[in-house]
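These notes are about the structure you will find just below.
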Amino acid sequence: MKRIYGILAFLFVSIIPIVILTSCNTQEFPVDYEQLSSEERIVIRFSHVVGEDTPKGMAARKFAELVKERSNGYVEVQVFSNGTLYKDGEEMNALTRGDIQMIAPAISKLTDTVPEVSVFDLPYAFYTLDEVHDYVKSDIGMKLTDKLKDHNLFVVGLWDSGFKQISNSKHPIHHYSDLSGLKMRIMPSDILAKQFSVLDADAKRIEFNTVFNQLQKGNVDGQENTLSNITSKNLYSLQDYLTISNHGYLGYFLLFNLEFWYSLPEDVQQLLTETLKDVEQWEWQLTKEINKEKLSDIEQCECLQLHYLSEQDKEEWEVKLEPVYDYYREHYNNQFIEALPKFDPE
Ligand code: LMR
């Protein structure tokens with residue numbers, strides 16, 4: 001009898017608490033977030049440099065809302081837009097230091113870290129956004145994004161800004177030779193610099209938040225960007241001519257600090273991955289709509305002289321720009337070019 005009491009007492013003190021604890025742990029995000037301090041919650045600081053009403057700005061807000069809702073506030077994404085926390089050129093260091101946990105820089109801004117990613121900067125590398133999406137998700141795309149892991153950067157998604165167009169204040173750009181002698185703002189990428197040097201233009205690397213000032217001062221005559229950036233940063237107000245060239249892709253890798261990502265509980269990683277997948281689809285659609293809407297606004301405002309490159313013009317530009325591909329092949333790795341959809345239709 002004494003032995004039975006002994007066994008029951010053992011069960012009571014050792015097994016039952018384990019069962020209770022385990023069931024608490026498996027319960028998902030049980031607590032109302034308002035009762036938790038920021039130390040008890042998981043806080044993800046997400047910094048970016050564009051306006052709130054751009055595809056990236058809107059997707060960042062959507063991501064934060066969904067994460068809050070799906071985790072009952074246990075995970076909080078704090079979004080800092082417009083470079084208010086860290087500017088271009090600062091955000092990458094802040095992320096690798098761990099001062100912030102998430103950024104979404106233009107891929108061109110990662111080319112100093114992993115030069116091979118400048119395959120996305122090659123002119124006319126992609127003709128549609130779907131081609132870009134497929135390339136990024138393919139084995140070769142994953143091989144490329146994995147390279148960022150060596151730099152404590154983990155790619156968790158791709159958001160579009162769209163295809164770039166060319167604006168300037170000097171004269172209409174109809175033929176590529178019209179770019180000759182113009183001072184053009186670029187993002188920091190050797191491939192973008194090469195693109196303009198092949199066209200005999202003078203490329204200047206300028207941070208996004210100072211492009212307006214530099215155009216205003218006349219330090220540059222023009223720039224290339226997507227319509228949502230050209231309009232949201234009011235760049236068009238300083239420019240007289242806009243050429244719809246769709247000559248290059250501008251998109252963002254969503255990056256987490258890798259160590260931070262590994263420190264997250266598995267269920268939180270899963271929640272973030274699923275939410276990012278949903279927001280990615282939403283953002284891709286939104287980008288198409290916003291750029292279409294901005295084009296129609298520009299057509300109607302008649303504030304810029306618009307020119308559309310014809311399909312034949314684009315083919316001529318593409319041929320003229322072939323030396324940019326040679327430069328990439330020579331300095332980086334041809335396998336990333338060979339896998340582009342235009343060379344590898346599979
Ligand atoms: C730019 O510098 O033009 C863009 O990268 C800004 C952005 O993040 O879209």
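These figures come from a predicted structure and were not determined experimentally.
- Identified under the ring pair (Phe, Tyr, Trp, His ring centres under 6.0 Å) test for residues 76-98, with sequence neighbours left out: none.
- Screening residues 295-304 for side-chain hydrogen bond (donor to acceptor under 3.5 Å, both in side chains) gives E299-Y308 as the qualifying pairs, with residues at least two apart or on separate chains.
- For residues 203-239, no pair satisfies ring pair (Phe, Tyr, Trp, His ring centres under 6.0 Å), with sequence neighbours left out.
- Every side chain to side chain donor-acceptor pair (under 3.5 Å) that D326 has, sequence neighbours left out, goes to R329.
- Every pair passing ring pair (Phe, Tyr, Trp, His ring centres under 6.0 Å) that includes a residue from residues 271-304 is listed here, sequence neighbours excluded: H133-W284.
- No side-chain donor-acceptor contact under 3.5 Å links N225 and Q165.
- Considering only residues two or more places apart in sequence or on other chains, S161 meets the side-chain contact (heavy atoms from CB on, under 4.5 Å) condition with T226, S228, N229, L250, Y252.
- Within a 6.0 Å sphere centred on NZ of K292, other residues, nucleotides and ligands contribute 12 heavy atoms or fewer.
- Residues passing the side-chain contact (heavy atoms from CB on, under 4.5 Å) test with S180, sequence neighbours excluded: D200.
- Checked against side-chain contact (heavy atoms from CB on, under 4.5 Å), E52 has the following partners two or more places apart in sequence or in another chain: R61, S81.
- Within the hydrophobic cluster formed by Ile, Leu, Val, Met, Phe, Trp and Tyr side chains joined at under 4.5 Å, directly or through other members, M142 stands alone, with no partner residue.
- Side-chain atoms of E274 and Q270 include a donor-acceptor pair closer than 3.5 Å.
- Electrostatic pairing of K288 and D130 counts as a salt bridge here, judged by a charged N lying under 4.0 Å from a carboxylate O.
- Between Y249 and F120, the angle of the ring planes lies from 30° to 60°, which puts this pair in the tilted group.
- Taking a cutoff of 4.0 Å between a charged side-chain nitrogen and a carboxylate oxygen, K147 and E116 qualify as a salt bridge.
- Between the side chains of Q214 and K204, not a single donor N or O lies within less than 3.5 Å of an accepting N or O.
- From R185, atom CZ reaches atom CD of Q223 across 7.0 Å, with rounding to the nearest 0.5 Å.
- Legend: ring pair (Phe, Tyr, Trp, His ring centres under 6.0 Å) pairs involving residues 150-171, not counting sequence neighbours, sorted by first then second residue: F154-W261.
- Taking F196 as the reference, nothing meets the ring pair (Phe, Tyr, Trp, His ring centres under 6.0 Å) condition, with sequence neighbours excluded.
- Residues that satisfy the ring pair (Phe, Tyr, Trp, His ring centres under 6.0 Å) test with Y332, not counting sequence neighbours, are Y328.
- Between S263 and E259, the side chains place no donor N or O within less than 3.5 Å of an acceptor N or O (distance only, hydrogens not considered).
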For this session: Verify side chain to side chain donor-acceptor pair (under 3.5 Å) between D313 and S310, making sure each step is shown before the conclusion.
Result: CA-CA 5 Å; D313 294 335; S310 67; 3.1 Å; yes
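- No donor-acceptor distance shorter than 3.5 angstrom exists from the side chain of N93 to the backbone of E90, with no hydrogens or angles considered.
- Side chains of D121 and S108: a donor on one and an acceptor on the other come within 3.5 Å.
- Under a cut-off of 6.0 angstrom, the local environment of NZ in K314 is crowded, with over 12 non-hydrogen atoms contributed by other residues, nucleotides or ligands.
- In the model, K233 has a side-chain atom that pairs as donor or acceptor with a side-chain atom of N82 under 3.5 Å.
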